[in-house]
Amino acid sequence: MTIDYGWAALLVPLALLWSCPAAAQLPESADLSGLDFFRPPPNLFQFQHEYRTAPGNTREVTTQTLNLRYDHAFYLTPTWTVVTRTDLPLLGRNTINASNPNGNSIYGLGDADIQAAVIHDLDKRWAVGFGARLITPTGEDPLGSGKWRIMPIVGFRVALPEISKSSYFEPIFRYDVSVAGDPTRRNISNLQFGPALNIGLPDRWFVTFYPSQDIRINFGDPVTGQTGRLFLPLDVRAGKKLSDNVAASLEIGVPIIKDYPVYNFKSQFRLNITW
């Protein structure tokens, strides 16, 4: 299988550009472990490994993803922040299709993306934010969607010091929509939602309910096994801040309602390193 690594090379200068010094001093509210979307550190490198199973035409499909993420924050004022993000996913998948009739595991580059978000702190308790992600069709079949996609993002944060200093509620909405690409591939149009509730525990442990935007409502072309529009999982992440600048966590997701089947099972390990 031939992979165009030119797309990956394109992301390198962008990452270097975004790693320039921030415009203002680091706010006191910044989460140096990189766990809180609305409290970004100056720089974040995230090593993420995900194992996922999903329905296939003749058997369950397994996808393993190693995602390399880099975030950089620009502190424009004490209350305004711009955060950029680059994702480089490396995938292994055993889909059975015309190009892979035996269902062998195929490895290569997935669909890389870039993102920018604007965050505004209203006060010490409340923050709001919005942004957009551009997803590029860098992954070949069956590792990529074959589509250029835009993903608008909006959400807010409310601190919950009544529970603990590091507790918060952070619902985020995204809309994943394809705008161009291979006309023979499935059109994408789905609403994604994650009402993240983070509970800070003693000794730097934490547990987060719905940390990812895995609740989905599909308005696009149907996927294999779809009988309706809604996917509602039970999604929980537990982890520990190993230091002020390093955090590790494990997330598990299983479906409650999968009329729109996103996955049968998901496990995801994240290691965040910030500076």
Side-chain angles (χ1 to χ4, degrees), residues 3-23 30-31 34-50 63 65-76 80-91 108-120 128-141 143-155 170 172-182 185 187-194 196 211-214 216 220 268 270-275:
I3 299 171
D4 183 5
Y5 289 100
W7 288 100
L10 178 62
L11 297 177
V12 174
L14 291 174
L16 293 175
L17 174 64
W18 290 343
S19 63
C20 63
D31 174 18
L35 297 168
D36 189 344
F37 178 84
F38 286 88
R39 296 291 184 266
N43 295 282
L44 162 71
F45 175 76
Q46 182 183 96
F47 171 95
Q48 180 189 115
H49 180 269
E50 180 178 285
T63 302
T65 304
L66 172 61
N67 188 63
L68 305 178
R69 170 172 290 175
Y70 174 69
D71 290 4
H72 180 69
F74 298 86
Y75 306 111
L76 305 181
W80 287 93
T81 305
V82 173
V83 187
T84 56
R85 169 171 292 177
T86 305
D87 285 314
L88 184 64
L90 307 173
L91 275 67
L109 181 65
D111 288 348
D113 65 73
I114 54 175
Q115 174 180 302
V118 178
I119 297 169
H120 179 47
V128 295
F130 64 92
R133 177 179 297 180
L134 172 66
I135 303 169
T136 63
T138 52
E140 294 188 5
D141 187 28
L143 302 179
S145 66
K147 297 287 189 178
W148 288 88
R149 293 144 58 193
I150 296 292
M151 184 183 289
I153 304 167
V154 65
E170 199 168 88
I172 295 176
F173 293 85
R174 310 188 307 195
Y175 200 94
D176 188 6
V177 59
S178 55
V179 294
D182 187 345
R185 304 292 294 276
N187 290 314
I188 298 169
S189 178
N190 62 80
L191 177 66
Q192 306 178 0
F193 176 49
S212 300
Q213 291 74 50
D214 281 356
R216 308 283 173 88
Q268 185 185 94
R270 296 189 182 195
L271 179 67
N272 286 3
I273 301 171
T274 64
W275 65 97

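All figures in this text were calculated on a predicted structure; none of them were measured in a lab. Heads up: numbering here begins at 1 and tracks the sequence.
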Separation of Phe193 CZ from Ile172 CD1 (nearest 0.5 Å): 9.5 Å

Contact check, side chains of Glu50 and Asn67, non-hydrogen atoms, under 4.5 Å: no

Expected output: side-chain Ser178 to main-chain Lys147 donor-acceptor under 3.5 Å: no

Option passing side chain to side chain contact (heavy atoms under 4.5 Å, CB included) with Pro40 (candidates Ile119, Asp71, Val82): Ile119

pair Phe45-Asn43: side-chain heavy atoms closer than 4.5 Å: no

Separation of Arg270 CZ from Leu35 CG (nearest 0.5 Å): 9.5 Å

Pro152 side chain near Phe130 side chain, heavy-atom distance below 4.5 Å: no

Closest contact, heavy atoms only, Gly146 versus Pro137: C-CB, 3.8 Å

Straight-line distance of Glu170 CD to Arg39 CZ, nearest 0.5 Å: 8.5 Å

Non-hydrogen side-chain atoms of Pro41 and Trp275 separated by less than 4.5 Å: no

Any side-chain heavy-atom pair of Leu134 and Ile150 under 4.5 Å: yes

For the student: nearest non-hydrogen atoms of Phe37 and Ala117, plus distance: CZ-CB, 3.9 Å

Polar side chain donor-acceptor pair, Thr84 to Tyr70, under 3.5 angstrom: no

Beyond-backbone contact of Leu143 with Leu109, side-chain heavy atoms, under 4.5 angstrom: no

Ring-ring centroid check His49 Phe47, cutoff 6.0 Å: no

Check: Gly139 main-chain N/O paired with Asp111 side-chain donor or acceptor under 3.5 Å: yes

CG on Asn187 to CG on Asp182, rounded to 0.5 Å: 10.0 Å

Steps toward side chain to side chain contact (heavy atoms under 4.5 Å, CB included) verdict (Ile153, Gln213): CA-CA 11 Å; Ile153 304 167; Gln213 291 74 50; over 6 Å; no

Sub-4.5 Å side-chain heavy-atom contact between Thr86 and Leu88: no

Residue pair Asp87 / Arg133, side-chain heavy-atom distance below 4.5 Å: yes

Side-chain ion pair, Asp141 and Arg185, N-O less than 4.0 Å: yes

Spatial distance of atom CG (Leu91) from atom OG1 (Thr63) [nearest 0.5 Å]: 6.5 Å

From Arg149 atom CZ to Ile188 atom CD1, the distance as rounded to the nearest 0.5 Å: 4.0 Å

